[in-house]
Amino acid sequence: MTKRPEITPGNYEAVYDYYETPRLKPLFNAAYFRLSHALYSPDVLLADETRERIEEQLALGKGAIIASNHPSAQDPFVAAAAMQETGIPQLREFTAYAKDSLFHGITLPFFEYTGAIPVFRPTTHDHIDSRTMMQITEQLFHVTASRLRQGKNVAIMPEGKRSSTDELRYLKFQSIRGGIARVARYATDASSFIIPLGIHYRSEDPRSLVMPARHTAVAFGNPITHYPGAVYD
């Protein structure tokens, strides 16, 4: 059994070698999805045509990039609950990004057993020079693309952080990071596709909600199956 490396940015190559293979525990992950569904009971908006297109892509063995907005810290639980609600078996297992501090102490098993990938944030590790941070980020993107090519599903929040109150009303183009497009291009549209996901808490400030927020609305958009043009296109 491969030994878990020390989860530090200075050790990023070993970290991403280790997490290229999801460390997900199926029974733990299934319990997490069922519990999230029981606690949150989301109202899922999924048109029949959208469902058919998603199922067609999954049947091809592609990995889904679940691209969600990020209004609250509860979003990963709500997304898991929504996937459970769809009744699409392949969507009941996806992995996500999580900040590296969560891979220490008592929170480590939860994030590792749900297949999460550690992220080293520049804001947290401001002592690291920009060149090294770019190398770390590139390695993260390549690991993510590798998972997608294996037919695994990965959830990414393109905003990179929780939305501000203003951004909850009007999505600004500059709020969207280019990382999701780079991951998609690395994986290629022959091996992956994108599912747009919108989460709405029916609240002026979802960041202040008491957990769990009940009956959140979750809308599935039509999948993006071709990646033409440049990254920002």
Side-chain angles (χ1 to χ4, degrees), residues 1-36 54 57-68 75-77 79-80 83-84 88-121 124-125 132-158 160 177 179-195 197 227:
M1 183 176 180
T2 306
K3 183 179 179 181
R4 182 191 305 108
E6 185 181 7
I7 312 298
T8 63
N11 202 31
Y12 76 91
E13 291 181 319
V15 169
Y16 289 133
D17 281 346
Y18 180 80
Y19 284 105
E20 184 169 354
T21 301
R23 301 292 160 175
L24 180 146
K25 303 286 187 184
L27 291 177
F28 184 96
N29 191 71
Y32 161 64
F33 272 67
R34 288 196 298 268
L35 179 60
S36 294
I54 290 173
Q57 294 297 304
L58 292 170
L60 293 173
K62 294 184 179 183
I65 303 171
I66 301 162
S68 169
D75 300 338
F77 306 102
M83 298 306 163
Q84 184 80 7
I88 301 174
Q90 298 96 316
L91 292 183
R92 293 176 186 165
E93 185 177 294
F94 69 84
T95 61
Y97 289 169
K99 58 187 178 181
D100 65 292
S101 61
L102 296 171
F103 288 79
H104 298 273
I106 61 172
T107 57
L108 187 149
F110 174 82
F111 288 93
E112 187 163 287
Y113 293 172
T114 54
I117 308 173
V119 178
F120 301 103
R121 295 179 173 180
T124 306
H125 303 285
T132 302
M133 188 55 70
M134 285 178 61
Q135 292 173 337
I136 294 173
T137 303
E138 279 295 299
Q139 188 78 1
L140 168 66
F141 292 162
H142 282 292
V143 166
T144 308
S146 175
R147 287 195 179 189
L148 291 163
R149 287 192 292 269
Q150 296 170 39
K152 308 296 183 183
N153 305 320
V154 180
I156 301 176
M157 295 171 177
R177 310 293 178 87
I180 184 172
R182 288 161 64 190
V183 167
R185 297 303 289 273
Y186 291 162
T188 77
D189 55 20
S191 301
S192 69
F193 68 105
I194 300 170
I195 302 176
L197 196 72
Y227 310 148

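Nothing here was measured: the structure is a model prediction, and the numbers come from that model.
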- [ ] Enumerate the residue pairs fulfilling side chain to side chain donor-acceptor pair (under 3.5 Å) with a member in residues 5-15, sequence neighbours excluded, ordered by first and then second residue.
- [x] none
Open item on the list: Measuring only between side-chain heavy atoms, which start at C-beta, is Tyr227 closer than 4.5 Å to Thr188?
Closed with: no
Task: Steps toward side-chain contact (heavy atoms from CB on, under 4.5 Å) verdict (Leu102, Lys99) - done: CA-CA 6 Å; Leu102 296 171; Lys99 58 187 178 181; 3.8 Å; yes
Open item on the list: I need the Asn29 CG to Leu24 CG distance, nearest 0.5 Å.
Closed with: 4.0 Å
For residues 89-96, which side-chain N or O atoms pair as donor and acceptor with protein atoms under 3.5 Å away, sequence neighbours left out?
{"unit_1": "Thr95", "atom_1": "OG1", "unit_2": "Arg147", "atom_2": "NH1", "d": "3.1"}
{"unit_1": "Thr95", "atom_1": "OG1", "unit_2": "Asn153", "atom_2": "O", "d": "3.4"}

Task: Minimum heavy-atom distance between Thr107 and Ser101, given as atom pair plus value - done: OG1-O, 4.3 Å
Open item on the list: Tell me the closest heavy-atom pair linking Ser192 and Ala187, and the distance in Å.
Closed with: OG-CB, 3.7 Å
Do any side-chain atoms of residues 112-120 form donor-acceptor pairs under 3.5 angstrom with protein atoms, and if so which ones, sequence neighbours left out?
{"unit_1": "Glu112", "atom_1": "OE1", "unit_2": "Arg4", "atom_2": "NE", "d": "2.9"}
{"unit_1": "Glu112", "atom_1": "OE1", "unit_2": "Tyr19", "atom_2": "OH", "d": "2.5"}
{"unit_1": "Glu112", "atom_1": "OE2", "unit_2": "Arg4", "atom_2": "NH2", "d": "3.0"}
{"unit_1": "Thr114", "atom_1": "OG1", "unit_2": "Phe110", "atom_2": "O", "d": "2.9"}
{"unit_1": "Thr114", "atom_1": "OG1", "unit_2": "Phe111", "atom_2": "O", "d": "3.2"}

Task: Leu148 and Ser191, any side-chain heavy atoms less than 4.5 Å apart - done: no
Task: The single option from Val154, Ile194, Leu197 passing side-chain contact (heavy atoms from CB on, under 4.5 Å) against Ile66 - done: Leu197
Task: Contact check, side chains of Tyr16 and Ile136, non-hydrogen atoms, under 4.5 Å - done: yes
Task: Side-chain H-bond candidate by donor/acceptor type, Tyr186 with Thr144, under 3.5 Å - done: no
Open item on the list: Do Leu140 and Tyr97 have side chains that approach each other closer than 4.5 Å (heavy atoms only, starting at C-beta)?
Closed with: yes
Open item on the list: Using 0.5 Å steps for rounding, measure from the CZ atom of Phe193 to the CG atom of Leu58.
Closed with: 4.0 Å
Open item on the list: How close do Gln150 and Pro22 get, counting heavy atoms only, and between which atoms?
Closed with: OE1-CD, 4.4 Å
Task: Distance, nearest 0.5 Å, that separates NZ of Lys152 from OG1 of Thr21 - done: 9.0 Å
- [ ] Check for a donor-acceptor pair, side chain of Tyr18 on one end and backbone N or O of Ile7 on the other, with a separation under 3.5 Å.
- [x] no
Open item on the list: A side-chain contact here means heavy atoms from C-beta on lying under 4.5 Å apart; do Ile195 and Gln57 qualify?
Closed with: no
